[in-house]
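Proteins get letters first, then strands, A, B, ... in listed order; numbering begins at 1 in each.
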Amino acid sequence: MSLYENIKTKITSQLLEAANKAKLAGELNFEELPSFVLEEPRERQRGDLATNLAMVLAKQAKRSPRDIAVALIKHLETSGTWIESSEIAGAGFINFRLNPVWLTGVIGEVLKAGDDYGRVDIGKGQKIQVEFVSANPTGLLHMGNARGAALGDSLASLLSKAGYEVTREFYINDAGNQIHNFGLSLESRYLQLLGQDVPFPEGGYHGEDLVDTVKGLIAKVGDKYLSVEQGLRREFLVRYALDEKMRNIRETLEDFGVEYDVWFNEQSLHDSGAVRSTMEELEKKGYIYEKEGAHWLRSTQFGDEKDEVVIRSNGSPTYFAADIAYHRNKFDRGFNKVINIWGADHHGHVARMKGAMSALGYEADNLQIILMQLVRLIQNGEVVKMSKRSGQYITLRELMDEVGKDAARFFFNLRDPDSTVEFDMDLARAQSSDNPVYYVQYAHARLCSILRQSEELGDLGTPPTEEDLLRLDSTEERDLLKKMADLPSEIIVAARLMEPHRLARYVLDLAGLFHTFYNSQRVLVEDDGLRRARLNLVRAVKQIVGNVLAILGVSAPERM
RNA sequence: GCGUUCGUAGUUCAGCUGGAUAGAGCGUCAGACUUCGAAUCUGAAUGUCGGGGGUUCGAAUCCCUCCGAACGCACCA
């Protein structure tokens, strides 16, 4: 446990003890201690930590919060807690001021832990899977996928930092109706490009990239497949195009800094009989009924708005059926928790998917679905309706070319998945230099620059003494140290809430505090002791900035 | 029509799952480089937290209702 976590835990337990002692002394009356918080007050003049314990006790104790606070403070044991003073304020808050000396210990803690600073263990080695992007291989990756990739990958890194054993997975929709359509589209393009006047299929994929794929194919095999039997021809075209599309998706994501552990084929679920056996299982449990020739899942029993078809009247399973088998497979692989990141346009599927898991006897809460709102693209001051049909969309590749991987990933991770973000292409292009990511990266480069110069000055070796470190007592230094001490707590909260965007905020704040410090204090001063202390501070800040950027998948440049 | 999510400064967004005087970036205005990187810093102005009710010591946060937006409501995925 980190220094700061330790202190907070200690104070919390002392508060509990104080409440019990006050009760024994007959000064306070309560049955059960309600939950309370010990947190940093918004305004730092109020102190370092504050608790609302007296306020939440008011109801049970039938006394005013301020009276209760007096009793609590009277019985509070402060030795070993760094508490320097306690005071009652406002409606009944108890504010604590800590002896700032504890802060200097943070630097040593950071440098000792190195890349592991911020690592916590709330996961306790539990296996957790994050499935994200899982884009259809029938087209190119777009802005929505970019957001999903940034979110999913950073969440996975965050959870891993928090002590979970994480698997990143991509589900490839290489079966079913959509692939059938894909085959028809490919065939049509193939014939068209070879001069035949054939119609484009209804509901086909209009994307230009598909035409390019077929052109590439023709360059290799020519008109060889004109004479091949239709079924075989389509099969070949699909296999070829799928392979090319998936390779492209894979490479694009890799360039975006995302590496998957597992690429899972939908087709394998059909081949292995998993889809069929899963449906039989559901049938056996009585959750399936027949109507109008189709098989339906009673998903309404689990809160869905309507029952869903799993086997069509023509006998073929729906996408949903395969998806149920897929999620069953996930749990059977031993994941304690399974996380899906879906676009908000799929929110209607949440209830039925969880319902299907309940029906199969799994704990639905172990399947967690994070919905992210869609990305609204602005171009020339206007909202661009994105759709694959119209071909009106910006690809992930274009996004990286335009604004860069780091800026894109940071941008998405700065926002709550629940907010519809506006992405102004022109702004991203024109103002790329005042993108927040550069603020953080600049801080990192600056930190590196200071360290480089200290080396040139021959400032190696000798570590600062305890006394040297105690001289880091300006408000700028203390604010910075406090923020540094806070990282483990931030990781815990972010991992618990599955909100990596908190870390982007954190590192932005940290960079800001560093810039402020930099402008008010000089690091490379004549005074040996003070210089050594500040250099260690710089080393530690650099370490943390690097650690957090790594979680976010953003590079930490030494120069820029 | 029903459902899900959202509505916070001119603008883009935070707001730690109920706490003290609602915060940042950009933009605006005024300042800081003979000194470690000015892609930085310091200061100033800016709010009906969409409207209205309720719950309680206390609400941007929870509940109800209305307004507005996005997205769902296929034997598509």
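In this structure, A:Ser419 reaches the B:rA14 phosphate: one of its side-chain N or O atoms is under 4.0 Å from OP1 or OP2. For B:rC41, one of the phosphate oxygens OP1 or OP2 lies less than 4.0 angstrom from a side-chain nitrogen or oxygen of A:Tyr439. Within the 4.0 Å cut-off from OP1 or OP2 of B:rA39, at least one side-chain nitrogen or oxygen of A:Tyr442 is found.
Shown here are the side-chain hydrogen bond (donor to acceptor under 3.5 Å, both in side chains) partners of A:Ser316, two or more places apart in sequence or in another chain: A:Arg312, A:Asn314. Applying the side-chain hydrogen bond (donor to acceptor under 3.5 Å, both in side chains) test to A:Asn413 and every residue at least two apart in sequence or in another chain returns A:Ser154. Annotation: side-chain hydrogen bond (donor to acceptor under 3.5 Å, both in side chains) contacts of A:Tyr439 (sequence neighbours excluded): none.
Counting distance only, with no hydrogens placed and no angle test, the side-chain atoms of A:Ser313 and the base atoms of B:rC75 include a donor-acceptor pair under 3.5 Å. Between the side chain of A:His347 and the base of B:rC71 there is at least one donor-acceptor pair of N/O atoms closer than 3.5 Å. Between the side chain of A:His349 and the base of B:rA77 there is at least one donor-acceptor pair of N/O atoms closer than 3.5 Å.
For the pair A:Arg478 and A:Glu476, the salt-bridge criterion is not met [side-chain N within less than 4.0 Å of a carboxylate O].
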- Would you write the dot-bracket representation of RNA chain B, where each base gets (, ), [, ], | or . depending on whether it forms a Watson-Crick or G-U pair under 3.5 Å and with which partner? (((((((..((((.....[...)))).(((((.......))))).....(((((..]....))))))))))))....
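Among B:rA77, B:rG37, B:rC73, the nucleotide with an atom closest to any side-chain atom of A:His346 is B:rA77.
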- Go through the steps for A:Phe96 and A:Thr51 under the test side chain to side chain contact (heavy atoms under 4.5 Å, CB included), then give the verdict. CA-CA 8 Å; A:Phe96 300 110; A:Thr51 182; 4.0 Å; yes
- Message: I'd like to know whether A:Glu477 forms a salt bridge (Lys or Arg N to Asp or Glu O under 4.0 Å) with A:Arg534, so could you lay out the CA-CA distance, the side-chain angles of the two residues, the decisive distance to 0.1 Å, and finally the verdict.
- Response: CA-CA 9 Å; A:Glu477 284 158 329; A:Arg534 288 192 175 149; 2.8 Å; yes
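Taking atom CZ of A:Phe410 as the reference point, atom C1' of B:rG25 lies 11 Å away to the nearest angstrom. Rounded to whole angstrom, the span from the CG atom of A:Leu510 across to the P atom of B:rG25 amounts to 15 Å.
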Distances under 3.5 Å between nitrogen or oxygen atoms of protein and nucleotides 15-23 of chain B:
| from | atom 1 | to | atom 2 | distance (Å) |
| --- | --- | --- | --- | --- |
| B:rG15 | OP1 | A:His501 | NE2 | 3.2 |
| B:rG19 | N7 | A:Asn52 | ND2 | 3.3 |
| B:rA20 | OP2 | A:Arg42 | NE | 3.4 |
| B:rA20 | OP2 | A:Arg42 | NH2 | 3.3 |
| B:rA20 | O2' | A:Arg46 | NH2 | 2.4 |
| B:rA20 | N6 | A:Asn95 | OD1 | 2.9 |
| B:rA20 | N1 | A:Asn95 | OD1 | 3.2 |
| B:rA20 | N1 | A:Asn95 | ND2 | 3.2 |
| B:rA20 | N3 | A:Arg46 | NH1 | 3.2 |

Pick out the pairs of N or O atoms, protein on one side and nucleotides 30-36 of chain B on the other, that lie under 3.5 Å.
| from | atom 1 | to | atom 2 | distance (Å) |
| --- | --- | --- | --- | --- |
| B:rU35 | O2' | A:Arg522 | NH1 | 2.8 |
| B:rU35 | O2' | A:Arg522 | NH2 | 3.1 |
| B:rC36 | O4' | A:Arg522 | NH2 | 3.4 |
| B:rC36 | O3' | A:Gln453 | OE1 | 3.2 |
| B:rC36 | O3' | A:Gln453 | NE2 | 2.8 |
| B:rC36 | O2' | A:Gln453 | OE1 | 3.1 |
| B:rC36 | O2' | A:Gln453 | NE2 | 2.9 |
| B:rC36 | O2 | A:Val523 | N | 3.2 |
| B:rC36 | O2 | A:Leu524 | N | 2.9 |
| B:rC36 | N3 | A:Val523 | N | 2.9 |
| B:rC36 | N4 | A:Tyr518 | O | 2.5 |
| B:rC36 | N4 | A:Gln521 | O | 2.6 |

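Looking only at distances, no side-chain donor or acceptor of A:Lys542 sits under 3.5 Å from a matching main-chain atom of A:Cys448.
Between the side chains of A:Ser2 and A:Glu5, not a single donor N or O lies within less than 3.5 Å of an accepting N or O. Side-chain atoms of A:His327 and A:Asn340 form a donor-acceptor pair, as typed in the model, at a separation below 3.5 Å.
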